[in-house]
Amino acid sequence: MSSDTRSTKEASAQRQYWLMKSEPDEASIDHLKAAGTLPWTGVRNYQARNFMRDQMRLGDGVLFYHSSCPEPGIAGLAEVSSAAYPDATQFDATSPYHDPKSKPEAPRWLHVDVRFVRKTRLLSLADMKRDPALTEMRTLQPGNRLSITPVSPQEWAHLLQLLA
DNA sequence: GCCAACGTTGGC
DNA sequence: GCCAACGTTGGC
């Protein structure tokens, strides 16, 4: 095996890191703590779905982010605890996430499960924007609207220090 | 509630 | 395949 192939394999097997946004009214870090594990239902964006389907692995690190609330920011840590599987809410006519165009034989929307790790202090969006070490963070890029974004190992390490 | 940015839809 | 209209996200 060439060293190139080996390093590619090692990289793909390595733990990856993600920032996942949730509206605390719907699912807060306290909900996750109480439940232990939550299915990350309701994602209706293809890029976010593809991250879950194609790139997330068991044990990947998750920054749990509160969005659309008085103080948006990172509120805790979690980890990916399942592979992607079909989102049941897409077939539920009573759900706000119902997608009449998705068929059970070809589910359009998938999600992973996320397991609680710990609550942290709230690291606000304003603090994150102010931090020179985070200027490249995907979720902070102008115009970003993705609810799931990759986090680099460097960003992850830096954020863990801030949240320790 | 506003609005900028972006994604999706559907007519052509 | 273009693109205008519309819907959604999410900070403020």
Side-chain angles (χ1 to χ4, degrees), chain A residues 16-35 37-56 60-80 82 84-152 154-156 158-163:
Chain A
Q16 298 185 90
Y17 307 101
W18 308 94
L19 182 141
M20 299 176 79
K21 295 182 184 176
S22 180
E23 301 190 13
D25 284 351
E26 254 193 88
S28 70
I29 189 70
D30 288 323
H31 290 125
L32 182 62
K33 183 178 185 180
T37 299
L38 286 175
W40 206 266
T41 54
V43 170
R44 296 294 180 269
N45 171 283
Y46 289 104
Q47 272 184 273
R49 178 204 67 183
N50 293 348
F51 280 140
M52 290 196 284
R53 186 189 63 190
D54 304 334
Q55 291 189 240
M56 280 191 184
D60 276 4
V62 174
L63 301 164
F64 193 105
Y65 179 97
H66 286 173
S67 68
S68 297
C69 58
E71 201 171 6
I74 295 168
L77 302 177
E79 64 183 18
V80 174
S82 82
Y85 61 98
D87 183 336
T89 63
Q90 69 196 303
F91 305 123
D92 176 358
T94 68
S95 167
Y97 299 121
H98 181 230
D99 182 350
K101 284 184 266 184
S102 183
K103 300 286 166 253
E105 59 273 21
R108 179 178 296 195
W109 304 111
L110 308 171
H111 64 75
V112 298
D113 290 344
V114 166
R115 181 192 301 130
F116 177 78
V117 173
R118 66 179 170 89
K119 276 186 80 167
T120 63
R121 73 181 177 92
L122 189 109
L123 180 66
S124 73
L125 175 60
D127 286 341
M128 293 168 69
K129 283 180 172 170
R130 227 179 272 128
D131 190 330
L134 300 177
T135 50
E136 300 295 312
M137 234 186 136
R138 177 81 172 265
T139 194
L140 298 181
Q141 297 317 298
N144 172 70
R145 290 188 321 168
L146 270 183
S147 63
I148 298 175
T149 49
V151 175
S152 77
Q154 293 76 16
E155 290 159 352
W156 175 264
H158 182 74
L159 285 161
L160 278 207
Q161 283 215 313
L162 293 180
L163 296 167

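Fair warning: this is a prediction, and the values are worked out from it, not measured in the lab.
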Charged N-O contact under 4.0 Å between Asp30(A) and Lys33(A):
no
4.5 Å side-chain heavy-atom contact, Leu160(A) and Leu77(A)
yes
Checking side chain to side chain donor-acceptor pair (under 3.5 Å) for the pair Ser102(A)/Arg44(A): CA distance, chi angles, key distance, verdict?
CA-CA 11 Å; Ser102(A) 183; Arg44(A) 296 294 180 269; over 6 Å; no
Side-chain heavy-atom pair His66(A), Pro72(A) within 4.5 angstrom cut-off:
no
For residues 135-146 of chain A, which residues have at least one heavy atom under 4.0 Å from DNA chain B?
Pro142(A), Gly143(A), Arg145(A)
Please identify each residue that fulfils salt bridge (charged side-chain N to carboxylate O under 4.0 Å, His left out) with Arg108(A), with sequence neighbours left out.
Asp99(A)
From the 5' end of DNA chain B to its 3' end, which nucleotides mark the outer limits of contact with chain A, defined by a 4.0 Å heavy-atom distance cut-off (strictly under)?
dA5(B) to dT9(B)
Over all strands shown, is Gln47(A) touching base, sugar-phosphate only, or nothing at heavy-atom distances under 4.0 angstrom?
sugar-phosphate
So do Val151(A) and Met137(A) actually touch side chain to side chain, heavy atoms under 4.5 Å?
yes
Could you check whether any side-chain heavy atom of Leu38(A) comes within less than 4.5 Å of a side-chain heavy atom of Phe116(A), counting everything from C-beta outward?
no
Hey, are the side chains of Leu110(A) and Met52(A) touching, using non-hydrogen atoms and a 4.5 Å cut-off?
no
